[in-house]
> 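Have a look at this one before I ask anything.
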Amino acid sequence: MSSHPQRLSLDSLTAHTEMNKPDFNQLHLLASPVSPLLPSSSSSSSSSSSSTHLSGDLPDKTPALPGSLPPNRNLRPGHRRSVSAGPPLIYSGSTFTGTISSSSSSSASSASSNPSTILPSGNICPSGKIVKTMGLRSSNKTDTLGGGKGNYGHGSIIRGGGGGAKSGAATADPEEMKRAGNEMYKRGNFLEALTLYDKAISISPENAAYRSNRAAALAAVGRLGEAVRECEEAVRLDPGYGRAHQRLSSLYLRLGFPENARHHLCFPGQHSDPAELQKLQLLENHINRCADARKIGDWKTAMREIDAAIAVGADSSTQLIACKAEALLKLHQIEESDYYLSNIPKSEQYTPSSQIRYFGMVAEAYALFVQAQVEMALGRFENAVSAAEKARRIDYSNVEIAMVLNNVKMVARARTYGNELFNAGRYSEACSAYGEGLRCDSSNSVLYCNRAVCWSKLGLWEKSVEDCNQALKIQPQYKKALLRRAASNGKLGRWADAVRDYEILRKELPGDTEVAESLLNAQVALKKSRGADLNKIKISGEVEEISTLDRFHTAISSPGISVVHFKVTTNQQCEEIASFVNLLCVRYPSIHFYKVDVDESLAVAKAESIRTVPTFKIYKNGEKVKEMISPTHQLLEESVRKYII
């Protein structure tokens, strides 16, 4: 089984992309709050055009002002559209602006004198008539017509234009912001699109389409929690907004909440996509089968169902990732379990409603419930207590959470007390304290290893090995338990077992001097126990000696890196550095280490022009790459490491 979440298939990725696109349908220019004024001489044709285009607006392009809402959307009370055969009047809050026919001048004048008929800035009204505001707020700012300067064309409305060109340049049209955001989104510039949607919302915060598009951009950059909240706000503003419901359904599916996804996919008045319904049904089936497997402790089946649910589309579900971590923990794969939990994004977790439950727990509490168990298994007891207490506060009535919190507290208390006794040299009492903790959590590898150290301090090597075995059954790669078992086996004379553990540790900790020395000593002891002649047998960690010129040429010509130590037995500096070379041999098993006694191999020394000892030469594939005379330990090791293949 892969230790990584499965990617979405190509079909699944395509579905997410299509569902997450912002609303791209374009408004006709007359439906925008920034509209060119038509000349008064063409009043008849302009009014006809206004009627045609206003009725043809598409639902995904909600304009900034209520006067231009599309006809096939559910309009709230007070939203009206005004169309007439006369030339349009543009009302600016306190005065009319623009080109007005003479027949409507008196009406405009009377409207200006009557504060009860003030309209929001930018409403398009029939000639000489005033539309009732139905409670809409009016602006104290005066709008003016642009003169073709800056970013505004001739005849465009400049909101709050009383301040002249400077005021107009500082004001933006939300529809323009939305259109620009859509362009950025289509190009894949999601952060830029998000900034533009934010600007549109700051101007018109009650516009559901802007909120929905912002949700699309947030989802595209992986901020799903924020995307859900933005879509929920869009639905609150416009309960019949189908695109926002569709987005919410897709987001809830990705978050692993099928009931919520179904609610928005199948809400009244909306046609449900059969493909989305099928994915939703598959997700529900996998989650239900996972729950059944969890109840009976069939963790391998639970893992398969989780992977299948993620493949269907629930690729961002905190609860499913937590369930996978729980399954790995129960299968004694603690490091992998911790890896999955640590990859849950902490900054963008979606906090579901307390009504949503996973495996009988409040969804948010379940992830903390699993985290508490993983933290305890890894010996991070304070973190475990904190996570369990948070879970308990969120779901106070759940029995499983209450049991885990009680166990975590008792185990943490036992570990702390045992450590205090150990530090005081009271090893027998410390063994008892750790044993109390194991009665609450019989699968805690940390407590087993701690007790094994106490047994070794008491000289009870066999008990120490037994507790290490228990710890390694729970956590097979537990390095402290391996080291303790190797040392205890050495005390019992079981050198083969000790060498086996030290060799595992050597691969895991190649730079650990203590492990290298312990392995070397264990190998020597093993050879002695078997009656071997150590002078004739090369063991790991021992440098091969060369005495003939032919053997020297063969050795340095071998593939890879070869390090040759030219020495004299009677030289104290040579003997001192020789023991360090033995350690390097253990640390870097891929490198060939040789030694040449200059007094006994004069031909080799003469061929290599050796005049001072100790001298080291490094060869790569038969070619000399470095030479050092009397190097320090640090320089020698750095040079060796540099040429590792």
> Side-chain contact, heavy-atom cut-off 4.5 Å: Arg187 with Glu192?
no

> Do Ser316 side-chain atoms and Arg254 backbone N/O form a donor-acceptor pair below 3.5 Å?
no

> Kindly give the heavy-atom pair with the smallest separation between Leu329 and Ala377, and that separation in Å.
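Nearest pair, atom of Leu329 first, then Ala377: CD1-CB, 3.8 Å.
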
> I'd like to know if Arg179 pairs up with Glu175 as an ion pair, taking the criterion as any Lys NZ or Arg NE/NH1/NH2 lying under 4.0 Å from an Asp or Glu carboxylate oxygen.
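Salt bridge: yes.
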
> Throw together a table of side-chain donor-acceptor distances under 3.5 angstrom for residues 405-412, partners on residues two or more places apart or in other chains.
none

> Can you see which heavy atom on Leu341 is nearest to which on Ala322, and at what distance?
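Closest pair (atom of Leu341, atom of Ala322, distance): CD2-CA, 4.3 Å.
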
> Could you tell me whether Asp338 and Arg380 have a side-chain N and a carboxylate O separated by less than 4.0 Å?
yes

> Please round to the nearest 0.5 Å and tell me the distance separating atom CG of Asn383 and atom CD of Glu375.
4.5 Å

> Distance from Ser212 atom OG to Tyr197 atom OH, nearest 0.5 Å?
9.5 Å

> Before accepting this row, confirm whether a basic side-chain N of the pair Arg415/Glu382 lies closer than 4.0 Å to the acidic partner's carboxylate O.
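A salt bridge links Arg415 with Glu382.
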
> Please test Lys178 against Leu196 for side-chain contact (heavy atoms from CB on, under 4.5 Å), starting from the C-alpha separation and ending with a verdict.
CA-CA 7 Å; Lys178 176 185 174 182; Leu196 290 162; over 6 Å; no

> Enter the distance from Glu276:CD to Leu253:CG here, rounded to the nearest 0.5 Å.
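It comes to 6.5 Å.
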
> Could you check whether any side-chain heavy atom of Leu378 comes within less than 4.5 Å of a side-chain heavy atom of Ile334, counting everything from C-beta outward?
yes

> With rounding to the nearest 0.5 angstrom, report the CD to SG distance, Glu226 to Cys231.
12.5 Å

> Can you confirm whether the side chains of Arg304 and Thr301 place a donor and an acceptor under 3.5 Å from each other?
yes

> Assess whether side-chain contact (heavy atoms from CB on, under 4.5 Å) is satisfied between Glu326 and Trp299, documenting all intermediate values.
CA-CA 9 Å; Glu326 184 182 23; Trp299 297 107; 3.8 Å; yes

> Can you list the residues that meet the salt bridge (charged side-chain N to carboxylate O under 4.0 Å, His left out) rule with Glu259, with sequence neighbours excluded?
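Scan of Glu259 (salt bridge (charged side-chain N to carboxylate O under 4.0 Å, His left out), adjacent residues dropped) gives none.
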
> So do Leu368 and Ile394 actually touch side chain to side chain, heavy atoms under 4.5 Å?
yes

> For the residue pair Ser442 and Ile474, what are the closest heavy atoms and their distance?
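Scanning both residues completely, I find the closest heavy atoms to be O-CD1, 4.2 Å.
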
> Between Tyr185 and Phe190, what is the ring plane arrangement, given parallel below 30°, perpendicular above 60°, and tilted in between?
perpendicular

> When the ring planes of Phe257 and Tyr358 are compared, do they come out parallel, tilted or perpendicular, using 30° and 60° as the limits?
perpendicular

> Could you check whether any side-chain N or O of Asn398 sits under 3.5 Å from a backbone N or O of Val362, counting only pairs where one atom can act as donor and the other as acceptor?
no

> How are the rings of His245 and Phe267 set relative to one another: parallel (under 30°), tilted (30 to 60°) or perpendicular (over 60°)?
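Correct class here is parallel.
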
> I'd like to know if Arg229 and Glu232 make a salt bridge, using a cut-off of under 4.0 Å between side-chain N and carboxylate O.
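So Arg229 does not pair with Glu232 through a salt bridge.
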
> Quick check: does any side chain N or O of Ser250 sit under 3.5 Å from a backbone N or O of Gln246, one acting as donor and the other as acceptor?
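Checked: no pair found.
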
> Looking only at heavy atoms, which two atoms of Ile203 and Pro174 are closest? And how far apart?
CG2-CD, 3.7 Å

> May I ask you to establish whether Arg392 and Tyr396 are in a cation-pi arrangement, using a distance under 6.0 Å from NZ or CZ to the six-membered ring centre and at most 45° from the ring axis?
yes

> How about Cys449 and Leu447: do any of their side-chain heavy atoms sit closer than 4.5 Å?
no

> Answer whether the closest heavy-atom distance between the side chains of Asp315 and Ser317 falls below 4.5 Å.
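Not in contact.
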
> Are Arg294 and Glu400 within salt-bridge range, i.e. N to O under 4.0 Å?
yes

> Evaluate side-chain contact (heavy atoms from CB on, under 4.5 Å) for Leu283 paired with Ile287, printing each intermediate quantity in order.
CA-CA 6 Å; Leu283 177 61; Ile287 290 176; 3.8 Å; yes

> Return the minimal non-hydrogen interatomic distance between Ala193 and Gly181, and the atom names on each side.
CB-O, 3.3 Å

> Does atom CD of Gln477 have more than 12 heavy-atom neighbours, drawn from other residues, nucleotides or ligands, at distances under 6.0 Å?
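No, CD of Gln477 has 12 or fewer neighbouring heavy atoms, counting only those of other groups under 6.0 Å.
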
> Side-chain contact, heavy-atom cut-off 4.5 Å: Leu328 with Met303?
yes

> Can you tell whether the side chains of Asp238 and Arg211 come within less than 4.0 Å, N to carboxylate O?
no

> I want to check something: taking the side chain as every heavy atom from C-beta on, are Leu438 and Gln470 in contact at a cut-off of under 4.5 Å?
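With C-beta onward as the side chain, the pair stays apart.
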
> Without swapping roles, check the side chain of Ser445 against the backbone of Ala471 for a donor-acceptor pair under 3.5 Å.
no

> So, are Glu284 and Arg262 salt-bridged, with charged N and O less than 4.0 Å apart?
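Salt bridge: yes.
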
> Taking C-beta and beyond as the side chain, do Asn450 and Asn419 meet within less than 4.5 Å on heavy atoms?
yes

> Rounded to the nearest 0.5 Å, what separates atom OG in Ser249 from atom CG in Asn260?
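So the gap between those two atoms works out to 9.5 Å.
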
> For Gln475, which of Gln333, Lys480, Glu335 qualifies under side-chain hydrogen bond (donor to acceptor under 3.5 Å, both in side chains)?
Glu335

> Is there a side-chain contact (heavy atoms from CB on, under 4.5 Å) between Val235 and Leu248 once you walk through the steps?
CA-CA 9 Å; Val235 168; Leu248 263 179; 4.0 Å; yes

> Find the distance between CD (Glu230) and CG (Leu194) and round it off to the nearest 0.5 Å.
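One finds 9.0 Å between CD of Glu230 and CG of Leu194.
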
> Identify the heavy atoms of Ala363 and Gln319 that sit nearest to each other, and give their distance.
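Heavy atoms of Ala363 and Gln319 come nearest at O-NE2, 3.0 Å.
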
> Look at the side chain of Ser202 and the backbone N and O of Lys199, then say whether any donor-acceptor pair between them is shorter than 3.5 Å.
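Between the backbone of Lys199 and the side chain of Ser202 there is a qualifying donor-acceptor contact (under 3.5 Å).
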
> Between the side chain of Asp395 and the main-chain N/O of Met361, is any donor-acceptor distance below 3.5 Å?
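Such a contact is absent between Asp395 side chain and Met361 backbone.
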
